[in-house]
Each structure stands twice: as C-alpha cells, then as structure tokens.
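Okay, structure first, notes after.
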There are 2 protein chains.
Amino acid sequence: MHWQMGWISNRRGPHPHMAGVTILDVARAAGVSTSTVSNLLNGRTERMLPETRQRVESTIRKLGYRPNRAARQLRTGKPQVIGLVVPSVGNPYWGALARHVEAAALTQGFHVLLCNSERDPGRERQYVDELVSDGIRGIVLCSSLPSLEHVSSLLEDGLRLVAFDRTAQATDPVGLINVSVDNTIGAELMGEHLVSLGHRRIAFVSGAIRSINRTERFEGFLRALERAGIARQDVVTWPGSSVDSQFGDVEAAELGRVATTELLAGPNPPTAIFAVNDMTAIGVCRAVRDAGLEVGQDVSVAGFDDIVLAELYSPALTTVRQPMKEMAAAAFRALHTPQDDDGSGTSLLFRPELVVRDSTGPLAG
Amino acid sequence: MHWQMGWISNRRGPHPHMAGVTILDVARAAGVSTSTVSNLLNGRTERMLPETRQRVESTIRKLGYRPNRAARQLRTGKPQVIGLVVPSVGNPYWGALARHVEAAALTQGFHVLLCNSERDPGRERQYVDELVSDGIRGIVLCSSLPSLEHVSSLLEDGLRLVAFDRTAQATDPVGLINVSVDNTIGAELMGEHLVSLGHRRIAFVSGAIRSINRTERFEGFLRALERAGIARQDVVTWPGSSVDSQFGDVEAAELGRVATTELLAGPNPPTAIFAVNDMTAIGVCRAVRDAGLEVGQDVSVAGFDDIVLAELYSPALTTVRQPMKEMAAAAFRALHTPQDDDGSGTSLLFRPELVVRDSTGPLAG
DNA sequence: ACTCCCTGGTGTAACGATGCACTGACCATA
DNA sequence: TATGGTCAGTGCATCGTTACACCAGGGAGT
C-alpha cells in the first residue's frame with residue numbers, strides 16, 4: 001500500500017522540519033503522555049511527581065526539544081511575538097529603541113517583528129491591522145499620528161497596545177498605554193541650564209508645533225524661562241516656513257539649519273538655541289558655523305533625545321537624555337500586564353536627564 | 001450535554017482570534033470546498049473555471065479573509081518570515097540595513113524578525129539556531145565572526161543563509177551567499193581621490209586588520225597609492241594599541257581618536273587620513289581638531305559606508321557610499337532563489353560610490 | 001459498449017501543541 | 001463496605017491550512 005510507504009518515509013509530513021523533535025518524541029522517550037509534557041511546559045507542575053518532572057525535563061534536554069511556535073500559536077491563538085512599528089529604524093533614535101525592545105523581549109523568550117511605517121499613516125494602520133490578523137496581541141506603536149482613535153476597536157478586542165514617545169491624551173481610547181519621557185521636565189531642565197549660563201535671549205526651534213512632544217517641550221521650556229523672569233512674549237521662536245511639513249532624519253536637520261539662518265540674520269539674534277531634538281540641533285549647529293560663529297562659544301546650542309550622534313558630534317551636543325533602555329523594558333512589560341480598568345496607569349512617564357557637553361557655554365561678553 | 005454548549009459558544013475554540021474569518025467561511029460563502037479556496041490561494045488556478053475563480057476571489061474580498069500564518073506554517077513548515085541578525089540595530093549602519101531589508105520583505109508579504117547579537121558570537125549562534133528551530137528557512141546574517149563554518153550543517157539541511165557585509169572566503173560552507181559592497185574598489189576610489197588632491201603622506205586607520213572588510217579596504221587603498229607611485233612601505237598605518245579589540249559604535253570613534261592623536265604627534269605626520277569606516281572617521285576628525293588643526297584644510301579625513309551621520313557631520317564627511325537599498329533587496333531576493341550547485345554566484349558584490357564632501361581638500365601649502 | 005483521458009473540482013488526514021474532562025489507584029473517614 | 005477525596009497523571013478533540021488521492025461527468029477513440 002503506497003499510503004503506508006508514504007507514512008513511513010514521511011513521518012514528518014510532506015515538508016519535514018529541520019529540528020523535528022516533537023512533544024510526542026519527548027513523551028515517548030520519557031514514558032509519559034504528551035499531556036504531561038505539555039503540562040510541564042506550561043507550568044502546571046503541581047500535578048506531577050518531582051521524579052516524573054525530572055525525567056521529562058532531562059529528556060527534553062537530551063533530545064534538544066523546542067516547542068513549535070506555529071503549532072502553539074495555532075492552538076492558543078497567542079504567538080510569542082510582539083510587533084514593533086516605528087517610523088524608520090534607520091533613524092538612530094528608533095534604532096536604539098528597537099534594540100532595547102528586542103533585548104527586553106528576549107528575556108521572556110519573545111521575538112520582535114519589525115515594521116517601518118516610513119511616516120505614512122496608511123502604512124502604519126495597515127501594519128497594525130496585519131499584525132493583529134496574524135494573531136499578534138501586543139504591539140509597541142511609535143505613531144506619527146496625533147490621534148489613535150482608529151485603534152480603539154482593536155483595543156476593545158483585547159489587543160495590547162503601547163504607544164511609545166507619546167503621552168496620554170484626553171481623547172485616547174481606553175486600554176491604551178503611553179510610554180514617554182517627561183518632555184516638560186526635560187525641557188525645563190534645559191531651560192534652566194541655559195538660563196544658568198547667563199543666556200536671556202533663547203530661541204526654541206522646531207517645526208510647526210503640532211505634535212504632542214513638541215508642545216510639551218515648548219511648555220516646559222517656557223516654564224523655566226518664566227521662572228527666570230523672562231516674559232513669554234520675549235521668547236524667540238521660529239515662525240515655520242514652507243520647508244516645514246512632515247520631517248524625518250535628514251530633513252529635521254535641514255529645518256534646524258533654515259530656521260537658525262533666519263534667526264541669526266534677524267534683529268537681536270538669540271545667544272542660545274534650544275532645538276526640539278538632536279537632529280534639528282545638528283542643523284542648528286551647521287547654520288551657526290555657516291554664520292561665522294562658534295557653537296558653544298558665540299551661540300549655545302542644545303538638543304533633546306541624546307541619540308548616539310549627540311556624543312559623537314563636534315562639538316559634542318548638550319542634550320536631554322531619554323532613559324531608552326528602561327523605557328523600552330517598561331513598554332515591553334506593559335504589553336503583558338493586564339489592563340487596569342480603573343483608568344489609571346495609562347501613561348508611564350520617565351525622568352529625563354540633562355547631559356551637558358560642549359555645545360553650550362556661558363554667555364559671551 | 002455541556003460539550004455541545006461548549007461547541008456552540010466556542011466555534012472559534014478556547015482562545016478566539018480577533019480576525020476570525022477562516023478558509024471554511026470563504027468556502028461556504030462561495031459554495032465551494034476549502035480545497036478550491038486553498039488552490040486559488042496557492043496559485044493552482046489552472047484547474048479552475050474562471051467563473052469559479054472570480055466568485056471565490058470576490059468572496060475573499062467581501063469577507064476580508066486573510067490566511068492564518070500560524071496554520072499555514074504548521075502545515076507547510078515554511079513561515080512567511082525571515083530572520084535578520086545584526087550586531088546592533090542601534091548602530092545607524094545596521095539600522096539602515098534593517099530598514100531596507102524590511103521594505104524588500106514587505107513587497108513579498110514577508111515579515112522580518114529582528115535579532116541583535118550585540119557582537120556576542122554565542123548569542124549570534126543561538127539566535128540562528130533558535131530561528132531555525134522555529135521553522136524559519138531564510139536568514140540574513142551580519143556576522144561578527146570571520147568563519148561561518150558552524151552553520152554548514154544548517155545549510156545542508158536547506159537553510160537559506162545570506163551573509164551581509166562580507167565577501168566569500170575559501171573555507172565558506174557551500175550554499176552560503178555573500179552580499180557586500182566591493183570594498184577593494186571603494187577603497188581604491190578613495191585612495192585615488194586623496195592622491196588627486198595632492199596628498200602623498202596618507203594614513204590608513206583601523207583596528208587590528210583581522211576582519212575581511214578591513215583587509216580588503218586596506219588592499220584597495222594600497223593599490224591606488226602604489227599606482228600613484230607611493231611605495232607600500234611609505235604608507236602610514238597605525239600599529240594598534242590596547243584600546244583595540246572588538247569595537248562597535250562609540251568605541252570605533254574612540255579608536256579613531258586615539259590613533260590620530262598618536263599619528264599627528266609622531267614625526268612626519270600624515271596630511272590625509274582614511275578611516276576604515278565613518279564612525280572611526282568621526283573620531284579621527286575630533287582628534288584633528290583637538291590638535292588645533294582644521295579638518296579638510298590642514299588634514300583631510302575620509303570614511304567609508306556613508307551612514308546618515310556622514311552627511312550631517314560637521315564638516316560633512318567625504319566617504320564611500322554603499323548602495324544599501326539595492327544590497328538589502330538583493331539579500332532578500334537571494335533568500336528565495338534556489339542555490340546554484342555549480343558553486344558560482346555565491347558572492348554578490350556591489351559597486352560603491354565616492355561621495356566627496358567637506359572633510360577632504362587639496363594639500364595645503 | 002468499453003476503456004481511457006481530461007476537466008474541474010472535492011474529501012480528508014495530517015502538521016504539533018494544548019487543556020479540559022476524565023480515570024485508576026490509593027487513602028481516609030463513616 | 002461504601003463513600004468521598006486527593007493525586008498523578010492520560011485521552012482526545014481542536015486550532016486553520018494544505019495537498020495528495022480521489023471522483024463525477026463528458027468526450028474521444030476503437
């Protein structure tokens with residue numbers, strides 16, 4: 001009978017896996033049922049003789065058995081995988097996040113599926129839908145969208161969603177957890193730092209202040225200046241221009257450059273410039289130098305984020321550090337803690353740290 | 001009978017999925033068998049009335065059906081996922097690769113599992129093993145190991161492995177495909193560029209020349225200088241020091257700094273310095289400035305890779321660009337082309353491009 | 001009328017793990 | 001001797017998809 005030949009030669013099915021030791025192999029070798037092996041694997045050890053447990057465990061090791069994730073997922077509906085959606089992992093900031101999220105996931109045996117939205121809202125939404133329909137129940141989303149209302153139905157269906165680099169908003173769907181640095185405090189620290197160096201005319205450079213992050217950073221910055229007796233209306237900002245739309249990476253630097261060139265050419269130019277992030281700060285530095293001035297000497301420049309670049313740049317950038325590793329770990333953990341229905345704990349704010357390097361210095365003259 | 005109640009209320013099983021439209025739902029709605037739907041899904045359309053095909057296709061769309069990846073993998077053994085193992089996605093070079101690999105995968109409906117080896121050979125090996133035993137059959141590996149012999153058994157078992165940023169070696173296991181930029185040509189281009197600027201005393205800075213990349217870059221560099229009549233023994237290199245071990249990211253810059261400081265303090269210092277990569281070049285720049293000299297004016301500095309940073313740095317770095325997007329796409333494609341048993345085509349070399357910016361300039365005086 | 005082939009499908013046993021409902025053995029109590 | 005209660009497991013239906021083996025019905029060749 002040829003079906004029997006098929007059965008014999010094809011114990012592993014039509015497409016044999018490489019690491020083909022199954023739970024059945026373990027069960028047989030240990031002289032127990034697959035149920036017992038499964039029970040052990042899933043922590044139901046209380047119904048088991050320690051001796052049996054030992055035997056099964058050693059069999060698992062001897063055979064090099066590893067549970068098949070696909071089969072497990074098919075059965076449980078929960079894959080050991082989380083999704084990570086970032087604008088672009090080519091950006092050092094998101095690259096660092098991806099690195100630390102993956103490290104955190106690894107400690108719990110989870111894998112990370114990487115998705116680059118390229119700042120395309122449609123693509124971002126599609127990725128989330130796709131991950132969900134692939135059975136993934138936990139996603140770290142770094143959205144470029146101000147509103148996350150479109151995911152509320154997924155949240156209601158049990159998806160665990162962590163929004164990274166974003167603080168909670170009033171209109172947020174319930175169940176959403178936000179992980180972010182405390183932008184307000186960070187900007188306040190930087191404001192204080194610049195004031196303490198003697199600067200009084202300080203500019204804030206960013207794109208059109210629409211995103212939550214930018215708003216918060218601006219607010220914190222203002223707060224520090226007002227405390228130092230600088231009136232709100234005396235704070236220099238850049239009005240924005242045609243360059244200003246959705247920026248990423250290199251464009252952010254370009255924005256800083258354009259803004260600074262205008263600012264320095266104007267009447268009564270600032271002696272210090274606080275950029276909304278490090279990429280922008282780099283563009284600011286370039287413009288300062290292009291104007292024949294020295295960064296840290298003639299004009300102080302500060303950034304935000306503390307990307308790798310900041311330390312390496314020349315001059316090394318004074319900036320506000322986000323505790324990336326801790327934030328990434330918290331984001332991953334939040335994916336597994338059941339949601340608090342009391343509505344609290346939907347925002348995890350981390351304390352930023354002021355990092356003073358060479359791009360800021362005391363007011364000259 | 002309570003089992004019946006269970007069956008009724010639990011049509012989706014004990015852990016209901018969110019997007020629960022199955023192939024059976026489609027089959028029923030279209031009035032065909034699941035086999036027919038499956039046949040359509042897998043391109044076996046030749047045995048099918050065009051009319052039937054239309055009906056099934058529109059049903060799929062109407063119901064928003066998406067095949068369950070876990071079930072598909074369980075059956076076929078081949079997940080729609082590839083693995084990407086990089087030293088650290090926090091490094092802009094690898095971040096850029098990850099971004100483009102993911103984009104290439106997306107075009108074919110594949111997802112990318114991200115793994116950071118953190119330059120730990122054990123971790124790198126473990127990741128590969130883990131991916132394989134999870135059923136993944138295609139991996140892009142950016143190894144820190146000079147030899148890849150340990151994966152040969154996996155290759156024999158049908159794993160498709162692409163080694164990125166590495167050229168083929170004599171001892172490579174068969175079936176391994178290498179994707180890399182042509183380091184020799186790239187370095188040659190840079191050597192020519194520096195020579196054409198009038199430099200005669202040019203240093204090559206890297207860690208201990210052990211890795212394949214570094215060796216090739218050094219060779220190409222030498223070739224250009226020899227063609228210009230500069231004897232091999234006159235080429236300045238840095239002997240290496242205690243700082244020199246396995247470097248990554250920030251450490252690479254530090255290496256460049258230390259090396260350059262020594263070089264400039266020595267007798268007859270070089271007028272141009274070619275660093276093995278951009279990170280190192282950045283460290284070189286810092287040391288040049290620390291010595292009171294100006295980059296691009298007093299001393300020319302060149303890098304390799306053209307990471308984002310290079311353009312943003314100040315001065316903008318002259319470097320050798322790797323066509324990352326094309327290389328990433330080729331790496332992904334190589335994962336799916338059957339292996340050529342004739343042994344050819346195991347190395348894909350891409351043509352680099354010289355990018356002249358501000359860090360190099362004509363010999364002063 | 002009979003075989004043989006072709007077309008356009010269908011039936012169904014797996015893939016590997018899970019976890020509920022069950023059970024046989026043993027002990028304690030009534 | 002019933003009765004009940006642990007203990008330490010086991011049996012098996014099930015998740016959604018695939019692909020091989022099969023089959024009905026029609027036409028062509030002999």
Side-chain angles (χ1 to χ4, degrees), chain A residues 1-7 10-17 19-28 30-53 55-56 65-80 133-135, chain B residues 1-7 10-17 19-28 30-53 55-56 65-80 133-135:
Chain A
M1 304 302 155
H2 94 291
W3 68 265
Q4 212 179 46
M5 288 193 53
W7 185 79
N10 255 346
R11 229 208 100 230
R12 298 296 175 207
H15 299 282
H17 291 190
V21 40
T22 76
I23 201 172
L24 182 60
D25 298 325
V26 174
R28 277 210 269 257
V32 294
S33 72
T34 61
S35 305
T36 298
V37 182
S38 173
N39 285 337
L40 172 59
L41 255 30
N42 292 278
R44 286 180 290 271
T45 50
E46 71 286 357
R47 302 180 175 286
M48 212 176 291
L49 247 28
E51 175 198 308
T52 308
R53 177 179 177 168
R55 189 155 32 92
V56 175
Y65 166 75
R66 297 178 50 81
N68 178 314
R69 284 183 194 238
R72 178 177 275 180
Q73 171 178 357
L74 180 58
R75 193 58 245 251
T76 63
K78 294 168 196 283
Q80 296 267 80
S133 71
D134 285 350
Chain B
M1 302 305 152
H2 93 291
W3 70 264
Q4 211 180 48
M5 290 193 49
W7 186 78
N10 256 346
R11 228 208 100 230
R12 298 294 176 212
H15 298 283
H17 290 190
V21 178
T22 75
I23 202 173
L24 182 60
D25 298 326
V26 174
R28 278 209 270 254
V32 294
S33 71
T34 61
S35 305
T36 299
V37 182
S38 173
N39 284 338
L40 174 59
L41 255 29
N42 292 278
R44 284 180 290 270
T45 50
E46 71 285 356
R47 300 184 176 282
M48 209 176 290
L49 247 29
E51 175 198 308
T52 309
R53 177 181 177 164
R55 188 155 33 90
V56 175
Y65 166 75
R66 298 176 50 80
N68 178 314
R69 284 185 193 236
R72 178 175 276 181
Q73 171 179 356
L74 180 59
R75 194 56 248 245
T76 64
K78 295 168 194 282
Q80 297 265 81
S133 70
D134 284 350

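A, B, ... follow the sequence lines: proteins, then strands. Residue 1 opens every chain.
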Give B/Asn42 one of three labels, base, sugar-phosphate or nothing, depending on what nucleic acid heavy atoms sit under 4.0 Å from its own.
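The answer is sugar-phosphate, as B/Asn42 gets under 4.0 Å only of primed atoms, P, OP1 or OP2.
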For a quick check of understanding: with a heavy-atom distance under 4.0 Å over all strands, which category does B/Val37 fall into, base, sugar-phosphate or nothing?
nothing
Any side-chain heavy atom of B/Val56 within less than 4.5 Å of one from B/Val32?
yes
Smallest separation among heavy atoms of A/Ala71 and B/Leu74, with atom names
CB-CD1, 3.6 Å
Rounded distance (Å) that lies between atom [atom2] of [N] and atom [atom1] of [X]:
X: A/Gln73; N: D/dT14; atom1: CD; atom2: C1'; result: 15 Å
X: A/Arg69; N: C/dC15; atom1: CZ; atom2: C1'; result: 18 Å
X: B/Asn68; N: C/dG16; atom1: CG; atom2: C1'; result: 14 Å
X: B/Leu24; N: D/dT14; atom1: CG; atom2: C1'; result: 14 Å
X: B/Asp25; N: D/dT17; atom1: CG; atom2: C1'; result: 13 Å
X: A/Glu46; N: D/dT6; atom1: CD; atom2: C1'; result: 13 Å
X: A/Lys78; N: D/dC15; atom1: NZ; atom2: P; result: 17 Å
X: B/Leu40; N: C/dG9; atom1: CG; atom2: C1'; result: 13 Å

Donor-acceptor pair, side chain of [X] and main chain of [Y], under 3.5 angstrom:
X: B/Arg69; Y: B/Gln80; value: yes
X: B/Gln73; Y: B/Asp134; value: yes
X: A/Thr52; Y: A/Met48; value: no

Minimum-distance nucleotide to [X] side chain [options: [options]]:
X: A/Ala71; options: C/dG9, D/dT17, C/dA17; result: C/dA17
X: B/Leu49; options: C/dG8, D/dT10, C/dG16; result: C/dG8
X: B/Asn39; options: D/dG9, C/dT10, D/dG16; result: C/dT10
X: B/Ser38; options: C/dG16, D/dT18, C/dT10; result: D/dT18
X: A/Arg47; options: D/dT18, D/dT10, D/dA8; result: D/dA8

With respect to the phosphate group of D/dG16, does any side-chain polar atom (N or O) of B/Arg72 fall under 4.0 Å of OP1 or OP2?
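B/Arg72 to D/dG16 OP1/OP2: no side-chain N or O under 4.0 Å.
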It should be established whether B/Thr52 places a side-chain nitrogen or oxygen under 4.0 Å from OP1 or OP2 of nucleotide C/dG9.
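So the side-chain polar atoms of B/Thr52 do come within 4.0 Å of the phosphate oxygens OP1 or OP2 of C/dG9, strictly under.
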Counting only distance, no hydrogens or angles, is the base of [N] paired donor-acceptor with the side chain of [X] under 3.5 Å?
X: A/Ser35; N: C/dG19; result: yes
X: B/Thr36; N: C/dG9; result: no
X: B/Arg75; N: C/dA14; result: yes

Partners of B/Ser38 by side chain to side chain contact (heavy atoms under 4.5 Å, CB included), sequence neighbours excluded?
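Testing B/Ser38 for side chain to side chain contact (heavy atoms under 4.5 Å, CB included), a comparison that skips the adjacent residues, returns B/Ile23, B/Asn42, B/Arg44.
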Between the two end axes of the helix from C/dA1-D/dT30 to C/dA30-D/dT1, each built from 5 base pairs, what angle do you get to the nearest 10°?
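Computed angle between terminal axes is 70°.
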I want to confirm an ordering. Mapping B/Tyr65 and A/Met48 to their closest nucleotides on DNA chain D, which one lands closer to the 5' end?
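The 5'-side residue here is A/Met48.
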Test B/Arg66 against B/Val21 for side chain to side chain contact (heavy atoms under 4.5 Å, CB included), laying out the working first.
CA-CA 7 Å; B/Arg66 298 176 50 80; B/Val21 178; over 6 Å; no
Could you walk me through whether A/Arg47 and A/Asn39 satisfy the side chain to side chain contact (heavy atoms under 4.5 Å, CB included) test, starting with their C-alpha distance in whole Å, then the side-chain angles of each, then the deciding distance to 0.1 Å, before giving a yes or no?
CA-CA 8 Å; A/Arg47 302 180 175 286; A/Asn39 285 337; 5.9 Å; no
